[in-house]
Amino acid sequence: MLLNVRAGNMSAFPDEPQHFVRWLVDKRIFEENDAAASFASRRDYGSYLGDVLCSQRSKSAAELTIIQDTAREVDPANGLTVVTSTGTRHRADRVVLSAGNLRPCCPTSLEKFSGHPRFVQSPWELDALAGVQEMDSIFIVGTGLTMVDVVLLLRSRRHRGRITARSRRGFLPTAHKKGTPALFALKPEPNEVFDSIIKLLRESGEDWRSTFDGIRPHTVALWQSLSWKDRDRFVKRLRPFWDVFRHRMPESAAEEIQVAQESGQLDAGCGRITGVQAIGDGFEVQMSGGGQTISADWVLNCTGPTMNVKSEKIPILESIVNAGLADYDPLGLGLMVDDAGRTDDSGQVWAIGPLCRGCRWETSAIPEIRVQAHRIATEISN
Ligand SMILES: Cc1cc2nc3c(=O)[nH]c(=O)nc-3n(C[C@H](O)[C@H](O)[C@H](O)COP(=O)(O)OP(=O)(O)OC[C@H]3O[C@@H](n4cnc5c(N)ncnc54)[C@H](O)[C@@H]3O)c2cc1C
């Protein structure tokens with residue numbers, strides 16, 4: 001499986017943008033000329049991050065202990081104490097919340113199948129698709145990047161059964177363009193965010209992807225120039241369009257998806273589920289309009305990470321909010337953070353990544369997370 005971001009944008013260090021590219025070349029994974037524009041595999045990226053952690057660990061005087069447990073509570077009495085699900089207590093001067101993307105939430109029509117052996121609520125779990133046989137038919141809820149991941153993974157395991165994927169609009173992610181994209185510095189006017197982006201897209205004369213990527217460094221400022229009411233409108237009405245153009249797949253992935261569609265294996269399109277029944281070992285999925293019924297051996301939930309962090313009532317976040325050390329943002333997309341990532345004025349608790357979505361929007365991928373990590377590490381160590 002490939003990353004969805006070019007290697008040239010995946011360095012762990014904001015001040016050393018070529019760090020990952022050099023690693024790939026040193027490991028002879030890519031030739032020097034191609035490396036920056038290429039899409040590395042997720043496995044290689046994992047090895048890279050492992051190497052980075054190992055080398056930083058050996059250089060640093062700080063001691064890192066990794067504990068396999070779930071942090072459930074922060075007790076603010078006498079400094080901070082993090083309590084885990086096994087009941088262990090860890091004293092801390094600061095807590096940095098880096099919980100990443102939340103598991104996909106379950107569409108209402110599928111809630112009753114929680115625990116069903118052929119309903120996969122989160123395809124990202126290890127071995128979630130291990131039981132799928134070569135000719136099993138599959139119904140996928142969602143047509144975004146997770147659907148793409150799942151289809152590619154199944155095909156890499158020689159799965160040949162029918163795959164039907166449906167979402168409300170039926171949009172598939174767009175593809176990156178082959179080769180090195182034009183570097184394009186743009187600064188849209190914050191007071192007319194969407195009008196100015198559309199104007200730039202029309203007038204730039206560049207491929208639309210370069211225009212979109214050119215806006216990326218300013219996305220946080222643009223987002224913060226919107227009122228909470230406008231952010232809410234964006235999330236409800238424009239997000240599906242934004243996701244399709246902003247979160248793209250490598251061209252090789254798009255080609256593979258096309259092959260799957262042309263061969264008749266994959267049928268991806270729009271449709272609204274009105275009901276799902278368990279029939280024998282599998283399912284029957286009823287779609288609105290025309291009363292089409294699709295039968296499938298498996299139903300996979302590929303609706304993407306849960307956006308509404310507040311409604312998930314995650315114990316560690318609830319405990320921090322109840323202790324007055326953080327607040328949910330008005331849309332419940334994450335926590336309120338300042339520019340540095342503090343959730344409270346005292347600087348005891350910090351948040352990074354998707355938990356900052358309400359305040360930053362563009363906050364779930366490495367190009368943004370590495371900047372946030374650098375800033376938090378610098379602020380905390382000063
Ligand atoms: C399918 C997919 C593809 C992606 N592709 C790319 C890509 O190509 N390039 C890119 O830049 N980004 C990509 N992303 C975005 C990706 O989420 C981030 O790049 C990166 O994984 C975020 O790192 P993180 O450490 O913030 O979160 P994560 O990597 O999600 O790590 C969060 C960690 O916190 C742990 N955790 C959560 N809650 C608790 C708790 N209460 N107690 C203890 N531990 C807890 C989790 O188990 C996990 O280990 C992709 C995301 C998805 C879902």
Side-chain angles (χ1 to χ4, degrees), residues 1-14 17 20 38-46 48-50 52-53 65-74 82-88 90 92 95-105 122-126 128-129 140 142 144-153 173 175-176 213 216 243 246-250 252-253 300-307 309 312-320 334-335 337 341 349-357 360-374 376-377:
M1 302 293 292
L2 299 182
L3 293 168
N4 293 317
V5 177
R6 284 177 208 280
N9 242 343
M10 289 294 289
S11 164
F13 303 103
F20 180 44
S38 301
F39 293 90
S41 73
R42 294 186 196 171
R43 186 185 295 270
D44 285 337
Y45 196 64
Y48 165 68
L49 290 182
V52 168
L53 188 62
T65 310
I66 297 172
I67 301 161
Q68 192 174 357
D69 208 341
T70 302
R72 285 188 66 85
E73 189 193 328
V74 171
V82 180
V83 187
T84 69
S85 53
T86 55
T88 325
H90 301 275
V95 169
V96 180
L97 299 164
S98 55
N101 280 311
L102 300 189
R103 292 175 86 224
C105 68
S122 175
W124 302 325
E125 307 291 325
L126 202 61
L129 308 180
I140 295 182
L145 283 171
T146 311
M147 180 280 287
V148 170
D149 266 15
V150 163
V151 171
L152 298 186
L153 184 64
H176 290 286
D213 295 347
R216 185 166 179 175
D243 282 353
R246 164 63 193 85
H247 299 284
R248 302 190 290 274
M249 57 181 151
S252 60
L300 313 183
N301 178 27
C302 294
T303 50
T306 299
M307 290 291 281
V309 169
E312 291 299 300
K313 299 203 177 305
I314 298 160
I316 179 93
L317 300 186
E318 292 281 293
S319 124
I320 286 173
L335 299 173
V337 287
V349 180
W350 304 66
I352 184 169
L355 286 177
C356 310
R357 192 171 272 126
R360 298 187 177 145
W361 187 248
E362 188 78 80
T363 182
S364 63
I366 295 302
E368 286 74 32
I369 288 178
R370 64 187 176 193
V371 176
Q372 296 172 20
H374 188 265
I376 291 180

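Order of listing sets the numbers, starting from 1, for every ligand and every atom in it.
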Nearest atoms (heavy-atom pairs only) where Ala128 meets Pro123: CB-O, 3.8 Å
Side chain or backbone, does Met10 bring an N or O within less than 3.5 Å of an N or O on ligand 1? no
Looking only at heavy atoms, which two atoms of Ala12 and Pro14 are closest? And how far apart? O-CD, 3.9 Å
Check this for me: does any side-chain nitrogen of one of Arg103 and Glu312 sit under 4.0 Å from a carboxylate oxygen of the other? no
Are the side chains of Leu53 and Leu49 in touch, meaning some heavy atoms are under 4.5 Å apart? no
Which option out of Leu102, Asn101, Leu145 puts a heavy atom nearest to atom 17 (O) of ligand 1? Asn101
Cut-off 3.5 Å, side chains only: do Ser41 and Asp44 have a donor facing an acceptor? yes
Considering only protein heavy atoms, which is closest to atom 11 (O) of ligand 1, and at what distance to one decimal place? Ile366 N, 2.8 Å
If you have a sec, work out which protein heavy atom is nearest atom 9 (N) of ligand 1 and how many Å separate them, to one decimal? Val5 CG2, 3.3 Å
Within a radius of less than 6.0 Å around CZ of Arg72, do more than 12 heavy atoms belonging to other residues, nucleotides or ligands occur? no
Which atoms of ligand 1 are found less than 4.0 Å from any heavy atom of Thr70? 40 (C), 41 (N), 42 (N), 43 (C)
Is Asp69 close enough to touch ligand 1? Criterion: a residue heavy atom under 4.0 Å from a ligand atom. yes
Verify atom 52 (C) of ligand 1: protein non-hydrogen atom under 4.0 angstrom away: no
Just to be sure I'm reading this right: ignoring hydrogens, which of Gly144, Ala351, Ala71 gets closest to atom 40 (C) of ligand 1? Compare them by their nearest heavy atoms. Ala71
Check ion pair Glu362-Arg246 (N to O, under 4.0 angstrom): yes
Using only heavy-atom distances, determine whether the side chains of Ser85 and Asp69 contain a donor-acceptor pair under 3.5 Å. yes
Does the salt bridge (charged side-chain N to carboxylate O under 4.0 Å, His left out) test come out yes or no for Asp243 and Arg248, once each step is laid out? CA-CA 8 Å; Asp243 282 353; Arg248 302 190 290 274; over 6 Å; no
Are there protein heavy-atom neighbours of atom 7 (C) of ligand 1 below 4.0 Å? yes
Identify, for atom 5 (N) of ligand 1, the protein heavy atom at the shortest distance, and state residue, atom and that distance. Asn4 ND2, 3.8 Å
Can a protein heavy atom be found under 4.0 Å away from atom 22 (C) of ligand 1? yes
Hey, does Asp149 come in under 3.5 Å of ligand 1, counting only N/O atoms on both sides? no
Just to confirm my output: which protein heavy-atom neighbour is closest to atom 19 (O) of ligand 1, and how far is it? Ser364 O, 3.5 Å
Can Trp124 be said to touch ligand 1, with heavy atoms closer than 4.0 Å? yes
Sidechain N-carboxylate O distance under 4.0 Å for Asp213, Arg6: no
Close-contact set for ligand 1 against Leu3 heavy atoms, below 4.0 Å: 8 (O)
What I'd like to find out is whether the side chain of Cys356 reaches to under 4.5 Å of the side chain of Trp361, using heavy atoms alone. no
Note the single closest protein heavy atom to atom 28 (P) of ligand 1, along with its residue, its atom name and the distance in Å. Gly100 CA, 4.0 Å
So is Ile369 polar-close to ligand 1, meaning N/O to N/O under 3.5 Å? no
Please tell me if atom 45 (C) of ligand 1 is touched by the protein, where touching means a protein heavy-atom distance below 4.0 Å. no
Do me a favour and list the nearest non-hydrogen protein atom to atom 38 (N) of ligand 1 with residue, atom name and distance? Ala99 CB, 3.6 Å
Quick one: look up the protein heavy atom nearest atom 33 (C) of ligand 1 and list residue, atom name and how far away it is. Ser98 O, 3.9 Å
Do the non-hydrogen side-chain atoms of Leu2 and Arg42 ever get within less than 4.5 Å of each other? no
Quick one: sort the Tyr45 and Phe20 rings into parallel, tilted or perpendicular, breaks at 30° and 60°. perpendicular
What is the nearest protein non-hydrogen atom to atom 10 (C) of ligand 1, stated with its residue, atom name and distance? Ala365 CB, 3.7 Å
